[in-house]
Amino acid sequence: MLQFGGLEAFITGVLDEFKVFRKHREVFVACLLSVCFLTSLATTTYGGKYLVQFLDKFAAPISILFIVFLEAVAVSWFYGEYDLSQASEI
């Protein structure tokens, strides 16, 4: 699932956005790690090999496209649509 750096970045982002979780950071992190543990438990079964192959084949390209889409939205949001179109004209 997520590695330590990605998980810590996710935790920090959620805690910054939702102030209610700041008081109970340990409980939030414990719940998140429990969810990560339970979802990864499926990869330890007999069908886990096929699940890993399925995720490797289909999940990675979709998440990369989603991240690229969000980056394009962020650039056009902060840079501005008009300035972006003027800068990208050839």
Side-chain angles (χ1 to χ4, degrees):
M1 185 138 170
L2 295 173
Q3 293 179 355
F4 177 75
L7 195 59
E8 188 63 34
F10 177 76
I11 291 169
T12 303
V14 170
L15 291 179
D16 286 347
E17 186 67 29
F18 303 106
K19 311 261 188 248
V20 77
F21 291 128
R22 284 189 186 178
K23 295 178 185 175
H24 309 288
R25 184 180 197 278
E26 293 83 12
V27 175
F28 173 70
V29 171
C31 290
L32 182 64
L33 291 178
S34 298
V35 168
C36 290
F37 174 74
L38 291 174
T39 54
S40 355
L41 205 59
T43 61
T44 62
T45 62
Y46 289 114
K49 175 181 162 184
Y50 303 110
L51 180 62
V52 170
Q53 288 176 352
F54 178 78
L55 291 174
D56 188 39
K57 185 173 183 179
F58 294 109
I62 291 172
S63 62
I64 290 172
L65 284 174
F66 183 68
I67 290 170
V68 168
F69 173 72
L70 288 180
E71 286 177 356
V73 168
V75 167
S76 64
W77 179 273
F78 290 112
Y79 196 60
E81 293 177 42
Y82 179 75
D83 293 333
L84 183 64
S85 65
Q86 292 297 322
S88 62
E89 285 183 3
I90 297 177

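Note that the structure is a prediction, hence the values are computed from the model and not measured.
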Under the side chain to side chain contact (heavy atoms under 4.5 Å, CB included) rule, collect the residues that match up with [X], sequence neighbours excluded.
{"X": "Glu71", "value": "Ile67"}
{"X": "Val73", "value": "Phe69"}
{"X": "Val29", "value": "Ile11, Arg25, Leu33"}
{"X": "Thr12", "value": "Glu8, Asp16"}

Query - Fellow cluster residues of Trp77, listed by chain then number, with links counted only when side-chain atoms sit under 4.5 Å apart - result: Phe78

Query raised in the report: Should side-chain heavy atoms under 4.5 Å link Ile, Leu, Val, Met, Phe, Trp and Tyr, which residues sit in the same cluster as Tyr50?
Result: none

Requested in this report: With sequence neighbours left out, write down each residue that passes ring pair (Phe, Tyr, Trp, His ring centres under 6.0 Å) with Phe54, or none if nothing qualifies.
Outcome: Phe58

Query raised in the report: Where do Pro61 and Asp56 come nearest, in terms of heavy atoms and distance?
Result: CD-O, 4.4 Å

Report task. Return each pair, listed once, that meets ring pair (Phe, Tyr, Trp, His ring centres under 6.0 Å) where at least one residue sits in residues 24-48; pairs must be two or more places apart or across chains. Result -> Phe21-Phe28

Query raised in the report: Thr45 versus Leu51: any side-chain heavy-atom pair under 4.5 Å?
Result: no

Query - Cluster overlap Phe18 with Leu7, hydrophobic side-chain contacts below 4.5 Å - result: yes

Requested in this report: Please check if Phe10 and Phe66 belong to a single hydrophobic cluster, counting links between Ile, Leu, Val, Met, Phe, Trp and Tyr side chain heavy atoms closer than 4.5 Å.
Outcome: no

